[in-house]
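What follows is a short report on a single structure.
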Number of protein chains: 2
Amino acid sequence: MDAQAMRRTMERYLELVAAGDVDAIVEMMSDDISVEDPVGGPPATHVVGREAVRAFFAAGFTRARPLPTPTGPVRTTAGREAAMPFLLTLTLRGRPVEVDVIDVMKFDEGGRIVSLRAFWNAAEIRDKRAVGDAGQ
Amino acid sequence: MDAQAMRRTMERYLELVAAGDVDAIVEMMSDDISVEDPVGGPPATHVVGREAVRAFFAAGFTRARPLPTPTGPVRTTAGREAAMPFLLTLTLRGRPVEVDVIDVMKFDEGGRIVSLRAFWNAAEIRDKRAVGDAGQ
């Protein structure tokens, strides 16, 4: 598992979220994948195992149509973990909203994702800013 | 431990790194603090306990004069963990270099830092970009 492979997988993950391609996302994960989305969320947001993750993501994609935009590079490490920042646009009951997210992923020897921890806070979801008003 | 307190502590941590104030940094940490800086680094970069962290940071500050610049907001959670992205400028043997970092912190009930995990890769340290050339 080298740094470039981790970076490619994480960038591809965001592309697949944007495309709503749950099957391709789950394909990148190990059988015993653990997803916390968000970290510190209610018990139902900590999901273990590929089929449970498939159902969790499929429901979330249908409900909220998540659209991530990277806001900086993937931070790789010399280990098997990496982190990346992005802005996530969601559509909640027809209303476009957004929230800042950092995903931390851990990989197995073969390069599959074994842990995904998404740092965001439902209390910090805000109305989507107009284009050109994105700040930072 | 609420989200705003985590955010304030993490923002203050970056200010204290910039100021080189090791004592004030260690004061924000629990006795059994665990620091991985970087994640996946050599054994000597995983340091446990306040006095060990004090020595580790003091040596690093003297050697590399780290100067962090936030590149996005702190991502809090409803739990006791949060993450933030920044750009770190270092001075290595007189040469200004930089690397992208994401710090993940975990807090105890009293709001002290119990774990700091810094995601960056020594292999990705690069010469510092000129001002005005900082774009992603």
Side-chain angles (χ1 to χ4, degrees), chain A residues 1-7 10-11 14 35-46 68-88 98-107 109 115-126 129 134-136, chain B residues 1-7 10-11 35-46 68-88 98-109 115-126 129 134-136:
Chain A
M1 193 68 211
D2 67 15
Q4 290 311 316
M6 287 195 287
R7 170 174 288 112
M10 292 179 76
E11 290 174 346
L14 292 189
V35 170
E36 295 163 78
D37 195 355
V39 171
T45 63
H46 186 181
T69 305
T71 55
V74 175
R75 275 69 158 175
T76 66
T77 68
R80 285 197 198 143
E81 293 178 84
M84 65 178 171
F86 56 95
L87 178 70
L88 191 66
E98 64 185 22
V99 65
D100 299 296
V101 184
I102 284 176
D103 272 8
V104 174
M105 292 194 193
K106 188 169 183 174
F107 298 85
E109 273 191 16
S115 166
L116 188 171
R117 310 190 72 223
F119 287 78
W120 59 276
N121 193 334
E124 293 182 3
I125 294 175
R126 58 186 181 256
R129 292 168 179 154
Q136 291 304 335
Chain B
M1 193 68 211
D2 67 16
Q4 290 311 316
M6 288 194 287
R7 171 174 288 114
M10 292 180 75
E11 290 174 345
V35 170
E36 294 164 79
D37 194 356
V39 171
T45 63
H46 186 181
T69 305
T71 56
V74 175
R75 276 67 160 176
T76 65
T77 67
R80 285 196 198 145
E81 293 178 83
M84 65 178 170
F86 56 95
L87 178 70
L88 190 66
E98 63 186 21
V99 64
D100 298 296
V101 185
I102 284 176
D103 271 8
V104 173
M105 292 194 193
K106 188 169 183 174
F107 298 84
D108 67 14
E109 272 191 16
S115 166
L116 188 170
R117 309 189 73 223
F119 288 77
W120 59 276
N121 193 334
E124 294 183 0
I125 294 175
R126 59 186 181 257
R129 293 168 178 153
Q136 286 303 336

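The figures here come from the full heavy-atom set of this structure, side chains too, leaving out hydrogens, waters and symmetry mates. Letters A, B, ... mirror the listed sequences (proteins, then strands); counts begin at 1.
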Note to self: Consider side-chain contact (heavy atoms from CB on, under 4.5 Å). Of A/Asp100, A/Val99, A/Asp103, A/Val39, which one does B/Arg75 pass it with?
What the structure shows: A/Asp100

Checklist line | Proximal component of B/Pro38, with respect to chain A [non-hydrogen, under 4.5 Å] | finding: neither

Next item on the list: Check B/Gly40 against A/Ala78 and note the closest heavy-atom contact, atom names and distance.
Entry: O-CB, 3.5 Å

Next item on the list: With a 4.5 angstrom heavy-atom cut-off, could you sort out which part of B/Ala83 is near chain A: side chain, backbone, both or neither?
Entry: both

Check: Under a 4.5 Å heavy-atom cutoff, which of B/Ala82, B/Ala123, B/Ala118, B/Gly41 has the most pairs with chain A?
Finding: B/Ala82

Check: Checking heavy atoms, do the side chain of A/Glu36, its backbone, both or neither come under 4.5 Å from chain B?
Finding: neither

Check: Checking heavy atoms, do the side chain of B/Ala122, its backbone, both or neither come under 4.5 Å from chain A?
Finding: neither

Margin query: What part of A/Glu124 gets within 4.5 angstrom of chain B, counting heavy atoms only: side chain, backbone, both, or neither?
Written below: side chain

Check: Only one of B/Thr77, B/Ile102, B/Val104 clears side-chain contact (heavy atoms from CB on, under 4.5 Å) with A/Ile102; which?
Finding: B/Ile102

